[in-house]
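Excluded from the calculations below are hydrogen atoms, water molecules and symmetry mates; all remaining heavy atoms, backbone and side chain alike, are included. Letters A, B, ... mirror the listed sequences (proteins, then strands); counts begin at 1.
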Amino acid sequence: MTKRVKEILTLLDEEYTTEYKCYLNYETPWQLLIATILSAQCTDERVNIVTKDLFQKYTTLEAFAKADLKELERDIHSTGFYHNKAKNIIACTKTLLEKYNGQVPQSIEELTKLAGVGRKTANVIRGNIFHEPSIVVDTHVKRISKRLGLAKEENPDKIEFELMKVLPKEHWILYNIQIIAFGRSICFARSPKCKECFLKGYCIEYKRKQGKK
DNA sequence: CTCCCGATAT
DNA sequence: ATATCAGGAG
């Protein structure tokens with residue numbers, strides 16, 4: 001690990017001292033899987049509002065697998081993209097029951113074969129359920145990793161591999177949590193609060209903007 | 001590269 | 001009324 005990366009990680013650790021915790025509420029592995037499918041293009045807060053009722057109504061994997069499509073669409077409506085998500089949840093839970101004995105698989109390959117599960121969702125499962133070092137590249141991680149010069153690619157899958165090369169494994173899971181906190185409070189997509197940013201000294205974007213003045 | 005979509009802030 | 005939020009599939 002380079003000195004630069006080490007300093008960035010140290011500053012993140014100092015700023016975000018809280019225990020590692022997933023922002024999505026869940027009790028079982030399959031609940032996290034469904035919550036994460038719902039979280040596509042939707043805030044975690046919104047997903048938690050929906051899953052609070054959803055997991056009380058559908059208490060088992062079987063209940064989701066044989067859910068009525070239209071009814072499930074209504075139940076998850078406020079998370080957006082509800083046609084796709086409802087269809088995916090039913091297909092996904094059916095696969096879980098038919099092929100995996102009701103268990104959530106562990107490998108990226110198997111996870112990403114599930115309906116509605118891409119690399120981001122698969123890595124959320126691997127990190128939280130199986131405690132496998134994995135880097136979740138969501139919109140915050142993508143934007144901020146680029147600004148910090150830790151990644152250059154556009155494709156999230158490629159960024160994941162760039163980050164795997166540059167970040168030590170012990171930080172992989174935590175990195176996503178810290179970056180999300182950072183992205184939601186300081187490093188916004190449009191108008192980041194650079195003046196009060198504790199990482200501006202490491203920011204490519206900030207230097208570029210300074211150079212223009 | 002396009003389509004899928006609602007909620008909240010401004 | 002419009003901008004912003006924030007992944008996966010075909």
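Which of C:dA6, B:dA7, C:dT4 sits closest to the side chain of A:R190 comes down to C:dT4. With C:dA6, C:dG7, B:dG6 as the choices, the nucleotide that has an atom nearest any side-chain atom of A:D138 turns out to be C:dG7. Picking from B:dT8, B:dC4, C:dA6 the nucleotide with the shortest atom distance to the side chain of A:N84 gives B:dC4. Counting only heavy atoms from C-beta on, A:A40 has its side chain closest to C:dG8 among C:dC5, B:dG6, C:dG8.
The side-chain heavy atoms of A:Y58 and A:I34, taken from C-beta on, include no pair separated by under 4.5 Å. Proximity of A:I135 to A:N123: side-chain heavy atoms (C-beta onward) are nowhere separated by under 4.5 Å.
For A:F55 and A:Y26, the ring centers sit 6.0 Å or farther from each other.
Between A:Y82 and B:dG6, a side-chain N or O to OP1/OP2 separation shorter than 4.0 Å is present. When the side-chain nitrogen and oxygen atoms of A:H77 are compared with OP1 and OP2 of B:dC5, none of them lie within a distance under 4.0 Å.
Protein atom CD1 of A:I125 is 14 Å distant from nucleotide atom P of C:dG7, rounded to whole Å. The distance between atom CG of A:D157 and atom P of C:dA9, rounded to the nearest whole Å, is 11 Å. As a whole-Å value, the separation of A:R119 CZ from C:dA6 C1' is 19 Å. Atom pair A:I89:CD1 and B:dC4:C1' shows a separation of 14 Å (rounding to whole Å applied). We find that NE2 of A:H140 is positioned 8 Å from P of C:dC5, with the value rounded to whole Å. The separation between A:R46 atom CZ and C:dT4 atom C1' is 15 Å, rounded to whole Å. A straight line from CZ of A:F188 to P of B:dT10 spans 10 Å, rounded to a whole angstrom. The distance from atom CD1 of A:I159 to atom C1' of C:dG7 is 13 Å, rounded to the nearest whole Å.
Only the P atoms considered, C:dA6 is 23 Å distant from B:dC3, to the nearest whole Å. B:dC5 and C:dT4: their C1' atoms are spaced 14 Å apart (whole Å). C:dC5 sits 16 Å from B:dC4 when the C1' atoms are compared, rounded to a whole Å.
Within 6.0 Å of atom NZ in A:K146, more than 12 heavy atoms from other residues, nucleotides or ligands are found, so the atom counts as buried in its surroundings.
Atom CG of A:L163 is separated from atom OH of A:Y175 by 5.0 Å, given to the nearest 0.5 angstrom.
If you check every strand for non-hydrogen atoms under 4.0 Å, A:T121 touches sugar and phosphate atoms only. Backbone-only contact: A:L114 has heavy atoms under 4.0 Å from sugar-phosphate atoms and none from a base. In this structure, A:F81 reaches the bases: a heavy-atom distance under 4.0 Å links it to at least one base atom across the strands shown.
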